[in-house]
There are 2 protein chains.
Amino acid sequence: MASSKKRSECPISTSLEIWGDKWSLLIIRDLMFKKQCTYGDFLKSQEKIATNILASRLLVLEENNIIVKLEHPESKAKVLYQLTEKGIELFPVLVEISLWAEKYYDIPKERESLIAKAKNNKAEFIAKGIKKMKEGL
Amino acid sequence: MASSKKRSECPISTSLEIWGDKWSLLIIRDLMFKKQCTYGDFLKSQEKIATNILASRLLVLEENNIIVKLEHPESKAKVLYQLTEKGIELFPVLVEISLWAEKYYDIPKERESLIAKAKNNKAEFIAKGIKKMKEGL
DNA sequence: TAAATTTGCTTGCATTTTGCAAGTGCAAAG
DNA sequence: CTTTGCACTTGCAAAATGCAAGCAAATTTA
């Protein structure tokens, strides 16, 4: 369950060892779009992550200080997951991935305007996005 | 061996289905640093990818037009792998990953000056990097 | 207040992917 | 014409994934 020794000191390798799989960045994506999510919210996402995988990924992200668990204001039965600053700082990575995908694949119409904004002034789009997310901390 | 149906239309999900694993971006990283690599070159990388995994990842990257195989000018026994334009366009993603990692982890000294350049003027660093790589196409 | 439901997981198990070691076939060098 | 190098492939054990069911605590409903 604990992370084993690093493959190398390469920053890309280090990063991939934490969130380099098919699911982690989707969890982070959900948190960027929705700010706060319950366990059930993640399960509702289109990609249909299996519940045990979700639990294991949330644990790894939490262990690596990318997300935190907060108590839900309305109910003790619910849990809120939120990005930390370290998680928020992954925003530029997700933006670049989106822009790459937009060049080579079809993008859902609902996402187009956002991508257009990001393309139009990338630096500002990223700075504003991060700023807004950090206000919620 | 062929890719199954997409989980969703989300550009991030689409991207992760191609190269969202612990190895693919390291292959792409090697090609960005070294422009061209033989099969053996990849195996020599610090992270020690298993040879069967390497073969399977190279195939997926090739099928998705991110890399191409070229014949080696000196020998038919060797193969050269090279990034396509689509692969080169992943450079911004790798830069952002590196910059994120640099904020939260120790970076090898040899990589520091490059990261410093990227931080200093990100847009220019990326543009120049892409331009240079595209000259080799 | 007892029963039913919701929520956040855990467990068991079959399938798939990974990792390691050894092997294979073709090309080139000795 | 035999040995070495290179690009993979194969076999198998171990780990990760995916699916369905289960479960305890909290909350809602009756």
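To find a chain, count down the sequence lines: A is the first, B the second, and so on, and within it residues start at 1.
If one axis is set at each end of the helix from C:dT1-D:dA30 to C:dG30-D:dC1 from five pairs, those axes are 10° apart, to 10°.
By the 4.5 Å heavy-atom criterion applied to side chains, B:Glu89 and A:Tyr104 are counted as neighbours. Counting only heavy atoms from C-beta outward, the side chains of B:Cys37 and B:Ile27 never approach each other to under 4.5 Å.
What separates CD of B:Glu74 from C1' of C:dA29 is a distance of 14 Å, to the nearest Å.
Using a 4.0 Å cut-off on heavy atoms, the residues of residues 21-29 of chain A that approach DNA chain D are A:Trp23, listed by number.
Scanning all heavy atoms of the two residues, the minimum distance from A:Gly129 to A:Phe91 falls at CA-CE2, 3.9 Å. Heavy atoms only, all atoms of each residue included: B:Leu43 and B:Ile49 are closest at CD2-O, 3.6 Å.
Counting non-hydrogen atoms of neighbouring residues, nucleotides and ligands closer than 6.0 angstrom, the NZ atom of B:Lys76 reaches no more than 12 such neighbours.
Using a distance-only test at 3.5 Å, with no hydrogens or angles considered, a donor-acceptor pair links the side chain of B:Asp21 to the main chain of B:Trp23.
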Once base and sugar-phosphate atoms are separated, protein heavy atoms under 4.0 Å mark nucleotides 8-16 of chain C, 5' to 3', with B, S and - as SBBBB----
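Protein chain B touches strand DNA chain D; the 5'-most and 3'-most nucleotides with an atom under 4.0 angstrom of its non-hydrogen atoms are D:dC6 to D:dG11.
Residues passing the side-chain hydrogen bond (donor to acceptor under 3.5 Å, both in side chains) test with A:Lys132: none are found, sequence neighbours excluded. For B:Lys35, there are no side-chain hydrogen bond (donor to acceptor under 3.5 Å, both in side chains) partners, not counting sequence neighbours.
Under the 4.0 Å criterion applied to side-chain N and carboxylate O atoms, B:Glu124 and B:Lys117 are not assigned as salt-bridge partners. Using a cut-off of 4.0 Å between Lys/Arg side-chain N and Asp/Glu carboxylate O, B:Lys6 and B:Glu17 are scored as not salt-bridged.
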Between B:Trp19 and B:Leu90, is the side chain to side chain contact (heavy atoms under 4.5 Å, CB included) condition met? List the steps.
CA-CA 11 Å; B:Trp19 46 258; B:Leu90 280 168; 3.9 Å; yes
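The side chain to side chain donor-acceptor pair (under 3.5 Å) with A:Ser8 is formed by just one residue from the set B:Gln46, B:Glu47, B:Lys48; it is B:Glu47.
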